[in-house]
Amino acid sequence: MVDDIRRWLVERVADYLDRDAAEVDADAKFADLGLDSVYSMILCGDVEERYGLEVEPTITWDHPTVALLAGHLSGELAAR
């Protein structure tokens with residue numbers, strides 16, 4: 001499940017930043033990729049819509065890479 005979430009997150013970040021998904025390093029910090037607070041909020045909404053999880057707006061600060069966020073979301077989904 002974590003790999004599917006990671007792929008989806010990479011695709012979302014790539015779309016926000018108008019990049020190819022291959023250019024998004026899952027271990028790079030969101031801020032280093034160029035994801036600002038506006039896109040972080042949009043990502044929260046996309047996560048809630050896609051996975052039915054209510055997430056805090058600080059989620060990208062608490063889990064600052066695609067890989068870390070994917071692991072967190074996978075754990076949250078498994079706990080449900």
Side-chain angles (χ1 to χ4, degrees):
M1 177 185 324
V2 72
D3 290 335
D4 292 334
I5 296 170
R6 184 181 299 117
R7 272 191 295 279
W8 179 80
L9 287 169
V10 164
E11 290 171 7
R12 297 306 316 136
V13 170
D15 186 55
Y16 301 153
L17 302 175
D18 197 28
R19 294 185 188 171
D20 187 83
E23 296 176 37
V24 176
D25 179 357
D27 294 314
K29 291 186 177 182
F30 289 118
D32 293 341
L33 292 170
L35 198 74
D36 63 18
S37 59
V38 172
Y39 285 120
S40 291
M41 290 297 294
I42 293 169
L43 181 59
C44 287
D46 288 348
V47 165
E48 289 178 354
E49 184 177 311
R50 170 85 176 191
Y51 296 105
L53 294 172
E54 187 174 325
V55 296
E56 295 296 321
T58 58
I59 196 164
T60 59
W61 301 110
D62 298 335
H63 309 282
T65 69
V66 166
L68 291 172
L69 182 54
H72 172 73
L73 294 174
S74 178
E76 290 293 310
L77 289 168
R80 284 200 304 182

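One is the number of the first residue; the rest follow in order along the sequence. Since the structure is predicted, the reported quantities are computational estimates derived from the model, not experimental observations.
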For the side chain of Thr65 and the backbone of Leu68, is there at least one donor-acceptor N/O pair under 3.5 Å apart? yes
Sub-3.5 Å donor-acceptor pair from the side chain of Glu48 to the main-chain atoms of Val55, do we have one? yes
Let me check something: any side-chain donor-acceptor pairs from residues 69-80 under 3.5 Å, sequence neighbours excluded? List them with distances.
residue, atom, partner, partner atom, Å
His72, ND1, His63, NE2, 3.3
Arg80, NH1, Gly52, O, 3.2
Arg80, NH2, Tyr51, O, 3.1

Test of understanding: clusters of I, L, V, M, F, W, Y form through side-chain heavy atoms closer than 4.5 Å, transitively. Do [X] and [Y] belong to the same one?
{"X": "Ile59", "Y": "Leu53", "value": "yes"}
{"X": "Trp8", "Y": "Val2", "value": "no"}
{"X": "Trp61", "Y": "Val47", "value": "no"}

Heavy-atom pair of closest approach, residues [X] and [Y]:
{"X": "Asp46", "Y": "Arg12", "answer": "OD2-NE, 3.2 Å"}
{"X": "Cys44", "Y": "Pro57", "answer": "SG-CA, 3.7 Å"}
{"X": "Val10", "Y": "Ala26", "answer": "CG2-CB, 4.5 Å"}

CG of Leu43 to OH of Tyr16: how many Å apart, nearest 0.5 Å? 4.5 Å
Give every donor-acceptor pair under 3.5 Å between a side-chain atom in residues 28-38 and any protein atom, sequence neighbours left out.
residue, atom, partner, partner atom, Å
Asp36, OD1, Val38, N, 3.1
Asp36, OD1, Tyr39, N, 3.0

